[in-house]
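We count ligands from 1, going down the list as the structure has it; atoms in each ligand are counted the same way.
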Amino acid sequence: MNSLATDLAAGEERPATASFDHEGWTRITATGVFRTLADTNLSQADRIRETATRMKAFGRAGENPGLLFAVATHLASTITAVTRFGSDDLKEELVPRLVTGESIGAHAITEATAGSDASAMLATAVVDDADGSVILQGHKIFITNAPIATHIVVYARTYRSGEDQGISAYVVDTTWSGVVTTAKYPTASLPDSPIGEVDLENVKVPQTWRLGGEGAGLQILDFVMKREIVYAFSADLGRIERRIDDCVAFANSRQQFNSRLATYQSVSFTIAEMYIDCLAGTAMINEILRRIAENRDITKEVAAAKVVISDANLKTAVDASQILGGKGVQAGSDSVQAVLDALAGPIYSGTNRIQKTRIAAMLGLLTDG
Ligand SMILES: Cc1cc2nc3c(=O)[nH]c(=O)nc-3n(C[C@H](O)[C@H](O)[C@H](O)COP(=O)(O)OP(=O)(O)OC[C@H]3O[C@@H](n4cnc5c(N)ncnc54)[C@H](O)[C@@H]3O)c2cc1C
């Protein structure tokens with residue numbers, strides 16, 4: 001018999017089956033989306049807008065959701081973090097390789113006992129006063145792109161002369177001594193997004209490979225996660241638009257009781273509701289892009305958009321499978337995989353429950369009892 005407890009225990013032992021669409025990665029790279037995000041001839045706001053627009057187009061074109069999550073992770077975790085917070089040396093060394101897709105980025109925050117509460121992380125970075133380098137130790141889990149990454153932004157608590165300096169962000173080359181990445185946690189959701197663990201044992205990181213100031217890690221994380229949400233969930237919006245088209249075509253062509261399914265309001269209204277959800281999500285992303293261009297805070301807006309779009313992706317995926325009838329629940333069908341893929345949206349990039357907690361705090365609700 002199965003139970004949640006046996007599921008959790010089995011999760012430790014399941015073999016890794018991470019697959020990665022290298023051809024897809026090359027195809028996405030060839031569109032110039034990585035280069036655009038790093039293009040210093042464009043304003044910050046234009047880079048983000050253009051990147052979000054392309055991610056939506058990839059979703060609409062039917063690119064694999066797992067591949068697109070790997071792309072969103074690369075864009076936010078590493079291209080954004082290095083171009084915005086990296087030293088000149090680091091930018092010179094890494095950006096040319098990140099934009100050609102030759103280098104693949106990831107970010108490692110989550111640990112076994114630090115999930116939603118990133119500040120509880122146990123990974124450490126001990127500073128060598130002589131040259132400012134650090135020695136990293138830690139174990140990170142659930143890291144998107146870990147099995148394929150060439151560079152990982154590792155978040156760790158920094159200690160200088162034994163004193164806690166707060167969490168900082170360091171870029172690590174996965175070929176360095178002491179860095180071990182393992183493919184693990186094959187997920188039913190986004191199976192084509194390689195995910196795994198990162199082990200760091202006495203990894204020496206030069207000072208110039210730290211992002212931003214010492215102790216600025218959580219601010220950097222907040223900055224990049226907001227961008228990850230814009231890119232990953234723009235792709236979801238494209239996916240929902242495509243789903244609506246598919247449902248309209250099916251409802252117009254399938255006949256039952258001598259009428260097209262489209263003539264039954266319970267079907268047509270379901271598809272109309274998909275459109276309403278998609279339009280709401282699109283308006284929210286547009287509002288975020290407008291606020292970025294005006295240099296305004298986007299904390300509440302990003303949290304709200306993430307909740308609305310990830311919930312809409314899941315709801316519309318379930319609704320689409322119901323509209324298809326028996327075909328919609330066939331094992332291995334696209335509609336079943338779409339439901340499974342959509343299950344992860346409310347979890348990654350900060351769970352929806354945590355996003356609502358953030359909104360509540362921003363609204364001034366006194367949430368500490
Ligand atoms: C597909 C996928 C990709 C991922 N990629 C990465 C990655 O690239 N890098 C990385 O570092 N991590 C990654 N993660 C990990 C992800 O960030 C964590 O799963 C997430 O932060 C939640 O942590 P947790 O799984 O430990 O759940 P927990 O934090 O244990 O939470 C369990 C449940 O309790 C709820 N909960 C927890 N605290 C509160 C609270 N204060 N108030 C209300 N509800 C609460 C949560 O919302 C959740 O529903 C990924 C996860 C997935 C599924």
Side-chain angles (χ1 to χ4, degrees), residues 4 7-8 11-12 16-18 20 64-81 104-123 138-149 151-156 167 169-170 172 174 181-200 217-218 220-222 224-229 231-233 235-236 303 306-307 310-311 313-314 337 340-361 365 367-369:
L4 184 58
D7 266 6
L8 290 173
E12 304 295 316
T17 56
F20 184 60
N64 182 294
L67 172 67
L68 290 188
F69 191 58
V71 167
T73 299
H74 178 65
L75 285 164
S77 70
T78 316
I79 297 183
T80 297
I104 299 180
H107 50 178
I109 308 107
T110 306
E111 300 176 5
T113 54
S116 297
D117 183 6
S119 67
M121 67 176 61
L122 300 175
H139 185 74
K140 302 287 187 177
I141 65 170
F142 270 122
I143 309 307
T144 297
N145 291 351
I148 52 164
H151 295 86
I152 301 179
V153 179
V154 173
Y155 291 81
I167 290 168
Y170 303 92
V172 161
T174 54
T181 58
T182 328
K184 219 175 171 189
Y185 310 108
T187 47
S189 199
L190 306 174
D192 300 310
S193 171
I195 190 162
E197 297 190 354
V198 183
D199 235 324
L200 304 146
L218 291 182
I220 293 173
L221 181 60
D222 181 60
V224 299
M225 288 312 275
K226 284 172 175 157
R227 272 79 189 156
E228 180 172 291
I229 288 171
Y231 305 144
F233 293 93
D236 271 7
K306 199 247 164 186
V307 171
S310 61
D311 283 351
N313 191 33
L314 183 54
Q337 190 54 52
L340 292 172
D341 287 342
L343 278 176
I347 303 294
Y348 58 67
S349 310
T351 70
N352 285 8
R353 290 185 169 92
I354 294 297
Q355 302 297 347
K356 288 175 193 173
T357 305
R358 186 165 296 162
I359 294 169
L365 288 157
T367 52
D368 59 0

Check your understanding: Does ligand 1 have a heavy atom under 4.0 Å from the side chain of Thr351, from its backbone, from both, or from neither?
Key -> side chain
Practice item. Have a look at ligand 1 and work out which part of Ile195, if any, has a heavy atom under 4.0 Å from it: side chain, backbone, both or neither. Key: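 The part of Ile195 near ligand 1 is the side chain, not the backbone.
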**Study point:** Non-hydrogen protein atom less than 4.0 angstrom from atom 14 (N) of ligand 1
**Key:**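 When distances to the protein are checked, atom 14 (N) of ligand 1 has a heavy atom within 4.0 Å.
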**Study point:** Protein contact for atom 33 (C) of ligand 1 (heavy atom, distance under 4.0 Å)
**Key:**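 It does not: no protein heavy atom is found less than 4.0 Å away from atom 33 (C) of ligand 1.
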Review point. Hey, does Tyr155 sit under 4.0 Å from ligand 1 if you only count heavy atoms?
Key: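 It does not, in that no heavy atom of Tyr155 comes within the 4.0 Å cut-off of ligand 1.
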Exercise for review: Check whether any heavy atom of Ile354 sits under 4.0 Å from an atom of ligand 1.
Suggested key: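 Yes, Ile354 has heavy atoms under 4.0 Å from ligand 1.
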Practice item. May I have the step-by-step check of side-chain contact (heavy atoms from CB on, under 4.5 Å) for Ile195 and Ile143, ending in yes or no? Key: CA-CA 5 Å; Ile195 190 162; Ile143 309 307; 5.7 Å; no
Considering all heavy atoms of both residues, which atom of [X] and which atom of [Y] are nearest to each other, and what is their separation?
{"X": "Ala188", "Y": "Asp341", "answer": "O-OD1, 4.3 Å"}
{"X": "Ala114", "Y": "Asp117", "answer": "CB-O, 3.5 Å"}
{"X": "Glu228", "Y": "Ser349", "answer": "OE2-OG, 2.7 Å"}

Could you check [atom] against the protein and tell me its nearest heavy-atom contact, residue, atom and distance included?
{"atom": "atom 19 (O) of ligand 1", "result": "Ile347 CG2, 3.8 Å"}
{"atom": "atom 6 (C) of ligand 1", "result": "Phe142 O, 2.8 Å"}
{"atom": "atom 8 (O) of ligand 1", "result": "Thr144 N, 3.0 Å"}
{"atom": "atom 1 (C) of ligand 1", "result": "Tyr348 CD2, 3.8 Å"}
{"atom": "atom 24 (P) of ligand 1", "result": "Gly115 CA, 4.0 Å"}
{"atom": "atom 36 (N) of ligand 1", "result": "Ser116 OG, 4.3 Å"}

Review point. With no hydrogens and no angle check, is any side-chain donor or acceptor of His74 less than 3.5 Å from a backbone partner on Gly105?
Key: yes
Practice item. Apply side-chain contact (heavy atoms from CB on, under 4.5 Å) to Leu221 and Tyr155, showing your working. Key: CA-CA 8 Å; Leu221 181 60; Tyr155 291 81; 3.8 Å; yes
Review point. Name the one of Thr182, Ile141, Ile152 that satisfies side-chain contact (heavy atoms from CB on, under 4.5 Å) with Val198?
Key: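 Testing Val198 for a side-chain contact (heavy atoms from CB on, under 4.5 Å) against Thr182, Ile141, Ile152 leaves exactly one candidate, Ile152.
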Practice item. Using distance alone, with no hydrogens and no angle criterion, decide if Asn352 and Ser310 have a side-chain donor and acceptor under 3.5 Å apart. Key: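 Distance-only check passes for Asn352 and Ser310.
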Point to revise | Residues His139 and Glu111: side-chain donor-acceptor under 3.5 angstrom | key: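 His139 vs Glu111: no donor-acceptor pair found between side chains.
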Exercise for review: Answer with yes or no after comparing the ring centroid distance for Tyr231 and Phe69 against a 6.0 Å cut-off, counting only values under it.
Suggested key: no
Point to revise | Among Lys356, Met225, Glu111, Arg353, closest by any non-hydrogen atom to atom 35 (C) of ligand 1 | key: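 It is Arg353 whose heavy atom sits nearest to atom 35 (C) of ligand 1.
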Check your understanding: Among Ile109, Thr110, Asn352, Val153, whose heavy atom sits nearest atom 12 (N) of ligand 1?
Key -> Thr110
Practice item. Using a strict cut-off of 4.0 Å, indicate which atoms of ligand 1 neighbour a heavy atom of His107. Key: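 Matching atoms, with element in brackets: 7 (C), 8 (O), 9 (N), 10 (C), 11 (O).
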Exercise for review: Give the numbers and elements of all ligand 1 atoms closer than 4.0 Å to a heavy atom of Phe69.
Suggested key: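 Answer for ligand 1: 3 (C).
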